[in-house]
Every structure is written in structure tokens, then in C-alpha cells.
Amino acid sequence: MPTEIPSSPVIEVAGVTKTFAGVQALRDVDFTLQRGEIHALVGENGAGKSTLIKVLTGIHTPDAGRITRDGHISTIYQEVNLVPLMSVSANLFLGREPRNRFGLIDRARRDADAAELLRGYGITADVSSPLGTLAVGEQQMVALARAVAAEADVVIMDEPTSSLEPREVETLLGVVQKLHEEGIAIIYVSHRMDELYRICDTVTVLRDGVNVHSGPLKELPRIELVSLMLGRSVKEIENHGTTAFGEDHHADAEPVLEATGLTSKPRINGVSVAIRPGEVVGLAGLLGSGRTETAKAIIGALPIDGGTVLVAGTPVPRTVKAATRAGISMLAEDRKTEGIIPNLSVRENIVLAALPRLSRFGVTSRSKQDRIVDTFIKRLRIKVSSPEQKVAELSGGNQQKVLLARWLCTEPRILLLDEPTRGIDVGAKAEVQALIDELAREGLAVLLISSELDELLDGADRLVVLRDGSVAGELEGDQLTREHVLKAIAAEVTDDSDHASTH
Amino acid sequence: MTATLTKATPTMAARTKVLQRQGAAVALVLMVAVSWLVFPRFGSLDNLRDLALQGSFLAVIAIGMTFVIITGGIDLSVGSVYALGGVLAAWGSQYGFLVALALPLVVCGLIGLINGLLIARTNMAPFIVTLASLLFARGLLLVITDEGANTYQIPADSAFVELGRGTVFGFGYPIFVAAVLAVLGGMVLNRTNFGQNVFATGGAEQSAVLLGVPVAKTKVLVYTMSGTLAGLAGALTAAYLQSGVTVIGVGLELDAIAVVVIGGTLLTGGMGTVLGTVIGVGLIKVIQNVINQIGTLDSNYQSVVSGVFLLIVVVLQRILRR
Ligand SMILES: Nc1ncnc2c1ncn2[C@@H]1O[C@H](COP(=O)(O)OP(=O)(O)OP(=O)(O)O)[C@@H](O)[C@H]1O
Ligand SMILES: [Mg+2]
């Protein structure tokens with residue numbers, strides 16, 4: 001890692017303030033990005049990171065303050081911001097398409113260039129198919145490729161790894177390293193401490209819209225960084241471990257959910273999973289190994305070619321409605337397209353799925369709703385100005401919390417969680433994990449999908465490992481170690497375990 | 001909320017694409033084949049020429065509508081603007097060919113520009129804005145024609161009439177105008193940066209903004225284009241009819257929207273083709289033509305049949321998109 005940092009700022013921000021109706025997202029923030037450095041931007045959900053980025057790129061105009069930019073900025077925003085209906089190659093080159101000699105877009109060359117470019121990121125999908133047909137992680141890689149190909153002086157990445165698998169994270173970090181070597185400055189937002197300590201030179205901590213610390217990262221112990229982010233003392237944080245999961249749960253003998261031979265070509269092929277009440281079963285595997293598809297097949301959202309789903313021994317008809325009635329709920333991976341209703345309020349979004357249960361003769365009790373909503377807002381530390389605030393106005397992590405709350409308050413018997421802590425900050429993450437733990441203790445059966453190995457290892461009592469759409473193995477007890485899992489996930493991933501040793 | 005849980009798999013998307021693209025084409029081929037066999041007069045060169053000519057006016061309007069709908073918008077003003085264009089052309093023809101052609105293009109283009117500016121800058125709903133200009137254009141037309149009492153005639157020997165009535169191998173000029181515009185439209189949509197911006201704007205407006213797409217400018221342009229093309233269609237019609245008929249174009253916007261949607265363009269935006277629209281025009285015109293051939297059938301059935309057809313297409317789109 002290069003050490004010499006020439007002191008000529010590419011971006012300089014002085015005294016920036018930004019207020020949204022009722023919420024002060026940024027307060028008198030100073031921020032400097034030096035040429036060639038990798039600058040971590042951290043803070044709790046709703047601290048103002050994305051807002052600061054949008055101010056830097058000119059999407060938001062600040063209420064006060066001064067911004068000086070020296071060079072071209074290319075940005076990957078927090079949510080994948082591409083156009084799902086357009087082809088992968090059209091997305092990649094939107095705004096700088098290769099032209100033929102008549103000045104028209106050269107589609108053949110665009111496709112060829114796109115395919116070649118993406119191969120470097122490990123994506124082999126058909127570039128002429130609509131972007132929306134790609135998995136979220138792949139879309140994220142397309143966004144990365146797009147941002148890098150723009151040949152900017154500054155690349156900003158707002159939680160680029162939140163929807164990536166360990167192997168893709170490696171690819172991304174490799175790209176960051178390469179950009180760094182080319183002298184390009186990078187602003188890197190992430191809630192994953194490992195990544196930050198691996199690649200970042202400097203750090204800026206935002207808390208409630210205020211810059212509470214800027215300085216070199218390496219000299220700052222991890223625990224102090226967390227304490228700066230949360231605004232709590234180091235001692236208070238030391239009492240918690242890395243994850244907030246408790247010990248193993250006492251599961252009943254009879255499984256409440258039995259999915260057998262689920263097949264939906266070409267994504268999954270004969271996957272079987274059984275979960276007992278009070279048990280947390282993890283689904284591990286690489287991107288495209290069929291984890292999300294398995295969960296969707298269980299809840300009836302994916303048409304299947306074969307297989308059965310039994311809840312407490314009774315077959316469930318293959319519709320989401322029937323599955324929900326049987327007590328299955330699912331937190332979907334892609335909150336933007338699958339769940340969040342941006343123009344409804346936080347309260348409405350939370351109680352949406354539980355409405356049938358909360359209402360009598362079609363009339364819902366408002367006070368009951370308010371009570372539930374208040375509980376979850378407090379428990380999950382959802383940062384809102386009021387429960388009536390539109391969900392669209394929340395920060396990314398807080399939207400995720402709202403979705404989580406929605407499915408938790410349906411009081412399901414079986415909860416399928418696809419990346420439940422994606423984009424959620426360290427403080428709230430522990431809270432979510434503790435909540436999952438608590439619910440399992442009360443007898444809920446949980447299927448947990450996470451690309452964070454630690455979360456799977458600590459949270460799950462048992463791991464089902466998927467590879468290429470089939471079950472490649474099951475791990476239990478002392479087999480629940482990093483090495484075992486990685487070996488089971490993919491034979492070729494062998495040297496992947498070093499990046500977690502920064503604890 | 002449950003329906004949004006699924007995401008199209010690649011094979012499904014491919015199938016959807018084929019059916020959406022080719023569905024209308026397949027229907028058109030079938031319709032033509034059956035009509036040819038059942039009605040001997042259908043296949044006559046005269047009838048086909050007439051069919052193409054009738055379709056060309058609608059096609060010119062529908063090309064503009066295709067762009068508007070792909071951006072996720074709608075233009076209800078085209079019927080009135082079309083009629084206004086015809087009247088302006090007829091009135092202008094007394095000052096020569098250029099005025100007859102340029103006047104409707106400029107005035108109708110301006111109406112489109114205002115539509116676009118209002119929609120892009122004030123964030124008003126396209127439905128409302130263009131509904132207002134539908135009324136405005138019709139009103140303006142009535143003002144300049146003395147409540148419609150005054151129908152401007154185009155001198156039969158004027159060069160402008162030639163534009164509507166001239167033929168090559170018996171095929172009217174408007175057919176060629178529409179054909180050229182369709183090819184150009186397809187090229188602009190798929191092979192230019194503006195076309196890509198149109199798709200991006202309709203596909204995911206918020207994302208398009210973050211991707212650096214000039215969303216507002218794109219919207220202004222498509223409405224301007226739609227207005228201009230409606231004016232051109234009106235001018236061509238006036239040249240063909242040799243007069244600025246005031247009562248035409250009522251409800252034409254709905255025909256235009258219908259053929260665009262039948263042609264596979266998503267009413268919600270983000271996806272569509274000019275070719276599909278042309279096929280949609282063909283379908284509607286063939287249906288109308290056949291109903292005329294039956295003779296005993298009330299011509300009001302045209303609307304009934306087109307309506308049913310549209311419904312089928314929209315339902316199919318919905319099912320296929322799941
Ligand atoms: N368009 C908006 N309207 C109203 N409030 C907003 C808007 N955008 C952001 N906010 C508020 O500003 C605050 C900061 O949000 P921001 O998205 O910058 O947080 P963040 O640090 O990126 O969080 P996360 O880690 O969850 O992504 C939040 O309280 C959020 O609700
Ligand atoms: Mg954010």
C-alpha cells in the first residue's frame with residue numbers, strides 16, 4: 001500500500017449544511033479528499049454519508065457551505081442506479097456509446113466492448129439482455145464497471161459491497177487497489193470494518209450529520225472507530241462481541257418447514273431444506289448458487305418444475321398468498337424492487353403485511369398499529385422524523401430496517417431472511433441479530449441467507465451449502481468454521497480466509 | 001406486493017420479448033392472410049394502396065407518440081393538434097408551399113414544446129398538461145375558423161396539394177413520408193444518444209438522473225417532436241383533402257396510443273419500438289378495412305373490435321411481464 005500522500009486536495013468541502021424537510025442531514029461539514037488516497041466515509045444509518053456524496057456530485061445543492069472539485073467524479077450510488085429494462089451494454093455505455101462513422105451508435109461494438117469489459121469483473125451474462133435479468137450482485141458489478149470505465153479522477157463508492165458475495169468483494173477490492181495504483185482518489189462507504197481496514201488510508205466519521213473525526217485510519221483502533229460512529233464509550237462497546245447472536249437454540253424434533261427436491265431450471269436443482277421450530281438454518285453459497293431462488297421457491301414466488309413444500313406436515317399450494325397464510329414470511333434481497341413502497345409512510349410500510357392480522361372486519365385499529373410501529377422504530381433504531389415520514393426519504397439502511405420490521409410484525413412461523421443486515425450499521429446490526437436470536441428462542445424457524453460468513457457462522461445452528469443450484473453439503477456443530485464453509489462453498493476458493501483476521 | 005416478488009428469468013424475458021415484438025406482427029400476418037382469402041377485393045392493389053395511405057397519417061402521429069410513451073409519458077393533445085395543423089396548412093397554402101408546410105410544423109411544434117416544458121419543469125402530470133393543450137388547440141382551431149364555419153380550401157393547382165395527392169406507382173406521397181419517418185425514428189431511438197436517453201428516462205427516471213441523463217431536456221424534446229409530427233400529419237391530410245377540415249382528429253389521440261401499445265411499447269415506459277408501432281397501425285387499419293368490406297356491419301364496430309384488440313394486448317403484456 002503506497003504511503004506517500006501528496007497533499008493536493010481533489011475535493012474540498014467547507015462548512016456544508018443540508019436540511020431536508022425537518023431533518024438536518026449535514027451540519028457544517030468539512031471534508032477533504034487528497035489526490036490518490038482511499039478515504040473511508042463511515043457512520044450509522046442516517047448519519048448523512050449518502051447525502052454528503054450527493055452534495056459532492058452536485059445532485060443535491062447544499063443550503064450553505066463551499067465545495068471545490070478539481071477533476072471528474074464518477075459515482076456508484078448506494079442503490080444500484082441503472083435502468084433495468086435497458087440492456088446490460090446500453091447501461092454500461094449510456095452517455096458514451098461507441099459510434100460508427102455516421103455518428104450512430106455501433107451496437108455490435110458496444111456489445112463486444114461490454115462483454116470484454118465485464119469479463120474482467122467475472123461476469124459472463126449476455127450483455128444484450130435487459131439488466132434487470134441479472135442478479136443484484138451482478139448489477140452492482142456492472143455499476144462498478146461503468147464507474148471505473150468513465151476514467152475519472154475520483155471514484156465514489158457508496159456501499160459497493162453490500163450486495164456482493166465474498167468472491168465478488170475480492171474482485172471489487174482488487175479493482176479499488178488498481179485504481180489506487182493509477183493515482184485515482186476514492187471515497188469508500190461501507191459498514192464492513194474488515195474492508196475499511198484493508199484498503200483505506202484515511203477515515204471520516206459522520207454522526208448525525210456532523211463530522212466527528214477525520215484522520216488516518218490505521219492508527220485508529222477498530223473499537224474506537226465504532227465508538228466514534230455510535231457516540232458511545234469504548235467500554236460500553238467492549239461488552240459486545242463481533243456479532244450479537246447468542247448460543248445455540250433448543251430446537252424441537254419435528255421440522256415445521258420441509259422443502260424437498262425444489263427444482264426450477266436452470267437456477268436450482270433438487271434443493272431440500274428442513275427447519276425445526278426454534279432453529280436458524282443458514283444458506284451458504286456463492287452468488288448464483290441458488291440461495292435467493294431457494295427462498296423464493298419456498299414462498300411460492302418462483303415457478304418450480306418440481307418439489308414440495310410442507311409446513312408442519314401439510315403441503316402448501318404454490319402461491320405467495322397460500323405460503324403467507326401457512327405462516328411463511330420472506331424479507332427479499334432487493335428492497336428497491338421487491339418490497340419498499342417509497343411513497344407510503346414508514347408506518348404504512350411496516351404494518352402493510354400485518355394488516356389482515358391487525359384488522360377486524362376490514363377495519364384496523366390505529367392505536368394497535370402505532371404501538372407496533374413505535375416498538376420496532378425503537379428496537380431497530382430506525383431513524384425517522386416521525387412514523388408518518390415517507391420511506392423514500394429514509395437513508396438506505398433505515399429502509400432496510402423498515403422492511404425487516406414489516407416481516408417481523410407479521411409474527412410468522414417461518415421467516416426467510418435474504419441478507420437481513422445488508423447496509424445496516426454496526427450498532428443496528430447487532431440489534432437485528434439479537435432480535436433474530438430472540439425470535440428463534442421463542443420458537444420461530446428461520447432461514448438465513450447472508451454473504452457475510454461471520455453472520456452465518458454465529459447466527460445459524462446449521463448450514464446448508466449450495467453450489468450451482470444443488471445442495472453441496474450440510475454443516476453442523478464443530479464443522480461450523482470458516483475453513484469448512486469455504487471449502488464446501490467452492491473448491492477453488494482457498495485463500496479467502498485471510499481478510500477477516502484484522503479483528 | 002406479492003406479484004413484485006418475482007423477477008423475470010432470462011428465458012422468460014426472451015419469450016416475453018419475442019411475443020411482445022412479434023405478437024402484433026404475427027397477428028397482422030394472420031389478419032392479412034385471412035382477409036385476403038375471405039375478401040377477394042382486399043388483396044387488390046387499389047385497396048392496399050388506399051389502406052397504406054390511410055395508415056400513413058396515423059403512423060406519422062404514432063411515431064411521435066411512441067417516443068412520448070417510452071419516456072413514460074402520454075400526449076393527449078395530438079388529435080386536436082393534428083386538426084389544427086390541417087387548418088393552418090390550408091390557410092397558409094395561399095402564401096405558397098413553404099408557408100403551408102412550415103406554419104403547421106412551427107405552431108404545432110411550439111404547442112409540443114410548451115407541453116414538454118410544463119411537464120419537465122413543473123413536474124405536472126403529462127395527462128393533465130396535454131389534456132389542457134388538447135382543449136387549447138381545438139379552441140384555437142375554432143377561433144381561426146369562425147367556430148368551424150370557415151373551411152379553408154387549398155387551390156387544386158397548388159404545389160402543396162401534390163404533397164398529399166401525388167403518387168409513385170400509385171402509392172401516395174404520404175406513405176413515403178411515413179416510411180422515411182419510421183426508419184428515421186427507429187434509427188434515432190436505437191442508434192443515437194437521444195434515443196438511449198428516451199429509454200433511460202422511461203425505464204427508471206431517478207436512476208437516469210443519477211446516470212447523468214438530461215431527463216428534463218429529453219422530455220421537452222419528445223413532446224416537441226410529438227407536436228411537430230401531429231402538425232405534419234395534419235398538413236399532409238389537408239393536402240390530401242385539399243382543405244382544412246375542422247372536425248377531424250377527435251379521439252385520434254386514443255387511436256395513436258392504441259397502436260403504440262398494440263405494437264408492444266410498454267404504457268409504463270422504458271421499452272418499445274417504432275417498428276411495433278407501424279405494425280400496430282397496420283393491424284388497426286386492416287381491421288377497419290375488413291369491417292368496411294363486410295359492408296353490412298355498422299362501422300361503429302371498428303371501435304368495438306379495436307377496443308377488444310387493445311384489451312387483449314394490454315392483458316397479454318401484463319401477463320407476460322410477470
Ligand atoms: N430526500 C430526502 N428527504 C428527506 N430526508 C432525507 C432525504 N434524503 C436523506 N434524508 C435524511 O437525511 C439523513 C441522512 O441520510 P443519508 O442517506 O445521507 O444517510 P446515510 O449515512 O447514507 O445512511 P445509510 O448508512 O443508511 O445509507 C437521514 O435522516 C434521512 O432520512
Ligand atoms: Mg447511504
Side-chain angles (χ1 to χ4, degrees), chain A residues 54 57 59 75 77 79-87 90-91 93-97 99-100 102-107 125-126 129-136 143 146 150 264-267 292-293 296 299-303 319-321 323-324 330 332 334 337-339 341-342 352-353 392, chain B residues 1-18 20 70-72 183-184 186-215 217-218 264-273 317 319 321-322:
Chain A
K54 286 186 179 159
T57 56
I59 299 280
T75 314
Y77 293 95
E79 312 292 332
V80 177
N81 272 293
L82 297 172
V83 188
L85 285 172
M86 292 176 82
S87 73
N91 270 287
F93 289 106
L94 186 63
R96 37 185 193 88
E97 293 89 354
R99 308 294 176 93
N100 63 15
F102 305 112
L104 295 175
I105 294 171
D106 187 341
R107 297 175 76 167
D126 177 10
S129 60
L131 179 96
T133 58
L134 267 54
V136 191
R146 181 185 154 83
S264 173
K265 298 230 157 80
R267 294 300 181 105
T292 295
E293 286 79 5
K296 281 187 177 176
I299 201 165
L302 184 74
T319 64
V320 177
K321 198 164 179 187
T324 311
M330 173 167 174
D334 184 355
T337 56
E338 309 192 6
I341 302 175
L352 196 65
Chain B
M1 157 193 60
T2 51
T4 54
L5 267 171
T6 39
K7 197 181 287 169
T9 60
T11 50
M12 250 175 71
R15 207 169 61 204
T16 309
K17 213 153 128 194
V18 167
Q20 276 183 350
I70 295 177
T71 61
V183 171
L184 275 180
M187 209 137 81
V188 168
L189 198 53
N190 290 307
R191 306 291 296 272
T192 66
N193 187 243
F194 167 66
Q196 299 298 298
N197 292 344
V198 169
F199 281 115
T201 301
E205 190 170 333
Q206 298 299 324
S207 302
V209 171
L210 295 180
L211 286 169
V213 170
V215 167
K217 195 173 118 195
T218 305
T265 296
L266 282 185
L267 202 46
T268 43
M271 203 160 123
T273 59
Q317 273 188 0
I319 293 171
R321 231 156 37 96
R322 282 209 233 167

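Model, not experiment: these values are computed from the prediction. All chains are named by letter (A, B, ...) in the order of the sequence lines, taking the proteins before the strands, and each is independently numbered beginning at 1.
Proximity to chain B (any heavy atom under 4.5 Å) is shown, for Asp126(A), by neither the backbone nor the side chain. In this structure, no portion of Val188(B) lies under 4.5 Å from any heavy atom of chain A.
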(request) Could you go through the side chain to side chain contact (heavy atoms under 4.5 Å, CB included) check for Leu85(A) and Leu266(B) one step at a time? (result) CA-CA 11 Å; Leu85(A) 285 172; Leu266(B) 282 185; 4.1 Å; yes
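Closest approach of Arg191(B) to Asp106(A), counting heavy atoms only: NH2-CA, 4.4 Å. The heavy-atom pair separating Phe199(B) from Val83(A) by the smallest distance is O-CG1, 4.3 Å. Closest approach of Ala90(A) to Gln196(B), counting heavy atoms only: CB-OE1, 3.5 Å.
Tyr77(A) contributes atom OH, which lies 12.0 Å from atom CD of Gln206(B) (distance to the nearest 0.5 angstrom).
The candidate from Asn197(B), Thr192(B), Leu211(B) with the greatest count of non-hydrogen atom pairs under 4.5 Å with chain A is Leu211(B).
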